[in-house]
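Here is the structure we will look at.
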2 protein chains.
Amino acid sequence: MLLSKSCVYGLRASLYLASKKEGEFIPIKRMSDKLEISFHFLTKILQQLTAEGILESFKGPNGGIRLNRPGNTVQLMDIVLAIDGEQLLTECALGLPGCGIKNPCPLHEKWAETRDAIRGMLENTTLTELVEKGRAENLRLTTDGGFDILFQE
Amino acid sequence: MLLSKSCVYGLRASLYLASKKEGEFIPIKRMSDKLEISFHFLTKILQQLTAEGILESFKGPNGGIRLNRPGNTVQLMDIVLAIDGEQLLTECALGLPGCGIKNPCPLHEKWAETRDAIRGMLENTTLTELVEKGRAENLRLTTDGGFDILFQE
DNA sequence: GATTATTTGGACTCTTTTATCTTAATATAG
DNA sequence: CTATATTAAGATAAAAGAGTCCAAATAATC
């Protein structure tokens with residue numbers, strides 16, 4: 001698996017938030033219902049993203065979670081790094097510690113290229129970009145429903 | 001992590017075998033010592049590759065494991081598929097079941113491109129290719145030693 | 001101030017992956 | 001036939017990832 005489940009959930013939740021009116025706090029409960037993710041588990045993940053400054057939280061009635069900066073400034077990479085760390089982008093494909101240009105394994109060069117492709121994709125994609133695409137083409141962010149489900153209520 | 005630890009060990013072991021004289025059976029114990037992988041764990045992994053027909057095993061004294069076909073016909077992909085399955089190449093980046101061209105998530109297109117880059121790399125790289133590269137440049141397959149360590153004794 | 005809606009944080013459980021240990025099966029050599 | 005070197009297979013253990021639960025903190029509303 002490229003990304004951990006936590007990371008995937010974090011991405012989905014961030015996209016959901018980016019699809020909302022800017023500044024609005026969304027309760028985690030609502031998110032977990034809509035996205036069909038365990039409430040408690042999602043809570044943990046969002047805490048990480050809040051701690052990293054990607055999201056902002058507010059307690060009490062009318063509280064919830066929102067993006068801490070405009071969605072077009074949040075790269076998928078930001079979320080991946082916050083949750084899964086940089087392992088994916090630094091680790092040797094053959095698991096050798098300290099594998100790098102100075103002391104590479106036979107697969108190093110080819111893997112470095114592939115890895116750059118992954119990095120590029122994650123860095124060049126923003127939340128807003130995906131939300132706009134999802135909205136335009138009514139794509140989905142949940143098991144069943146179309147994208148528009150996210151906007152009802 | 002892109003590949004499971006089992007898969008990474010499987011790749012290292014297969015490369016080791018591909019670096020050996022064709023037809024020679026290598027005891028798992030020797031492999032696990034050289035590659036610094038737990039003997040019993042490596043045994044399990046090699047069993048999978050043997051079951052898939054990528055490796056061949058032989059019991060008893062002078063027994064061991066060897067490639068079941070020439071190293072230039074074994075793609076890295078063969079080993080990845082045998083151990084980790086096709087999940088990496090088929091799964092939705094946002095974890096949505098059944099995500100595909102017919103019913104995609106907003107990330108589907110971009111991820112499909114990246115995934116094809118990974119697939120291409122794994123399909124276009126053979127064991128022999130990496131062994132030759134490793135031999136030519138004395139690259140490493142273990143934590144410390146250079147590639148040549150593999151050939152001693 | 002009491003009640004309610006929310007996030008925070010910690011403890012706990014379940015599952016999967018990784019790793020180890022033990023016994024059985026098989027082949028060789030003497 | 002016996003001893004030895006090996007793989008095969010199953011049982012178990014340890015670690016990590018995924019998921020649940022509960023109590024505490026905080027903010028709004030009445």
Side-chain angles (χ1 to χ4, degrees), chain A residues 1-13 17 20 24-68 80 82-85 87-88 91 94-95, chain B residues 1-13 17 20 24-68 80 82-85 87-88 91 94-95:
Chain A
M1 208 176 353
L2 189 80
L3 304 175
S4 71
K5 249 178 161 186
S6 295
C7 190
V8 164
Y9 290 163
L11 285 170
R12 296 235 302 272
L17 289 174
K20 292 298 176 183
E24 189 184 5
F25 283 105
I26 311 289
I28 301 175
K29 187 72 178 60
R30 181 128 57 94
M31 269 190 265
S32 67
D33 284 351
K34 292 276 187 184
L35 298 174
E36 301 170 291
I37 300 172
S38 143
F39 167 73
H40 292 284
F41 195 34
L42 183 56
T43 291
K44 289 268 146 72
I45 295 162
L46 296 182
Q47 271 173 33
Q48 292 180 65
L49 294 176
T50 301
E52 291 288 332
I54 295 169
L55 305 181
E56 185 183 4
S57 70
F58 194 74
K59 288 177 185 169
N62 309 321
I65 310 275
R66 69 181 180 194
L67 291 183
N68 195 28
V80 171
I83 297 178
D84 279 352
Q87 211 186 355
L88 177 66
E91 221 177 32
L94 295 182
Chain B
M1 210 176 351
L2 189 80
L3 304 173
S4 72
K5 245 176 162 186
S6 295
C7 190
V8 164
Y9 290 164
L11 285 171
R12 296 235 302 272
L17 290 173
K20 293 297 176 183
E24 188 185 5
F25 282 106
I26 311 288
I28 301 175
K29 187 71 178 61
R30 180 128 58 91
M31 268 191 265
S32 68
D33 284 350
K34 292 275 188 185
L35 298 175
E36 303 171 288
I37 299 173
S38 143
F39 167 73
H40 287 102
F41 194 37
L42 183 56
T43 293
K44 291 269 147 73
I45 295 161
L46 297 181
Q47 271 173 33
Q48 291 181 67
L49 293 176
T50 301
E52 291 288 332
I54 296 169
L55 306 180
E56 184 183 5
S57 70
F58 194 74
K59 287 178 186 170
N62 309 322
I65 309 276
R66 68 181 181 194
L67 291 184
N68 196 30
V80 171
I83 298 178
D84 280 351
Q87 211 186 354
L88 177 66
E91 220 177 34
L94 295 182

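Lettering follows sequence order; numbering is per chain, from 1. Just so it is clear, the values below take in all heavy atoms, side chains as well, and ignore hydrogens, waters and symmetry mates.
In this structure, CD1 of B:I65 is placed 10 Å from C1' of D:dT6, rounded to the nearest angstrom. Here C:dT22 presents its P atom at 9 Å from NE2 of B:H40, a figure rounded to the nearest Å. With rounding to whole Å, A:F41 atom CZ is found 18 Å from C:dT7 atom C1'. Rounded to whole angstrom, the span from the CZ atom of B:F39 across to the C1' atom of C:dT20 amounts to 12 Å. The CD-P distance, from A:Q47 to D:dG19, rounds to 16 Å in whole Å. B:K29 places its NZ atom 16 Å from the C1' atom of D:dT4, with the value rounded to the nearest Å. Between B:F25 atom CZ and D:dA8 atom P the separation is 11 Å, expressed in whole Å. Regarding A:E36, its CD atom lies at a distance of 19 Å from the P atom of D:dA18, rounded to whole Å.
Applying the ring pair (Phe, Tyr, Trp, His ring centres under 6.0 Å) definition to pairs two or more places apart or across chains, those involving residues 28-62 of chain A are A:Y9-A:F41, A:F25-A:F58. The stretch residues 54-66 of chain A participates, sequence neighbours left out, in these side-chain hydrogen bond (donor to acceptor under 3.5 Å, both in side chains) pairs: A:E56-A:R66. Sorted by first and then second residue, the salt bridge (Lys or Arg N to Asp or Glu O under 4.0 Å) pairs with a member in residues 36-55 of chain B form an empty list; sequence neighbours excluded.
Between A:L46 and A:M31, some side-chain heavy-atom pair lies under the 4.5 Å cut-off. Contact check for B:I37 versus B:I45: no side-chain heavy atoms found under the 4.5 Å cut-off.
When the side-chain nitrogen and oxygen atoms of B:Y9 are compared with OP1 and OP2 of C:dA19, one or more of them lie within a distance under 4.0 Å. At C:dT20, one or more side-chain N or O atoms of B:S38 fall inside 4.0 Å of OP1 or OP2 (strictly under the cut-off).
With sequence neighbours excluded, the residues that form a side-chain contact (heavy atoms from CB on, under 4.5 Å) with A:Q47 are A:T43. Partners of A:Q48 by side chain to side chain donor-acceptor pair (under 3.5 Å), not counting sequence neighbours: none found. Among residues two or more places apart in sequence or in another chain, the side chain to side chain donor-acceptor pair (under 3.5 Å) test is passed with A:Q87 by A:E91. Among residues two or more places apart in sequence or in another chain, the side chain to side chain donor-acceptor pair (under 3.5 Å) test is passed with A:K29 by A:D33.
As judged by a 4.0 angstrom heavy-atom cut-off over every strand, A:L46 is placed among residues making no nucleic acid contact.
Relative to the axis of its first five pairs, the axis of the last five pairs of the helix from C:dG1-D:dC30 to C:dG30-D:dC1 sits at 10°, rounded to 10 degrees.
Heavy-atom minimum distance, A:S4 versus A:I83: OG-CG2, 4.3 Å. When all heavy atoms are compared, the tightest approach of B:S32 to B:S38 is CB-C, 4.3 Å.
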Identify all pairs in which a protein N or O lies below 3.5 Å from an N or O of nucleotides 11-17 of chain C, and state each distance.
residue, atom, partner, partner atom, Å
C:dA11, N6, A:K44, NZ, 3.1

Short heteroatom pairs, N/O only, protein and nucleotides 27-30 of chain D, under 3.5 Å:
residue, atom, partner, partner atom, Å
D:dA28, O3', A:N62, ND2, 3.4

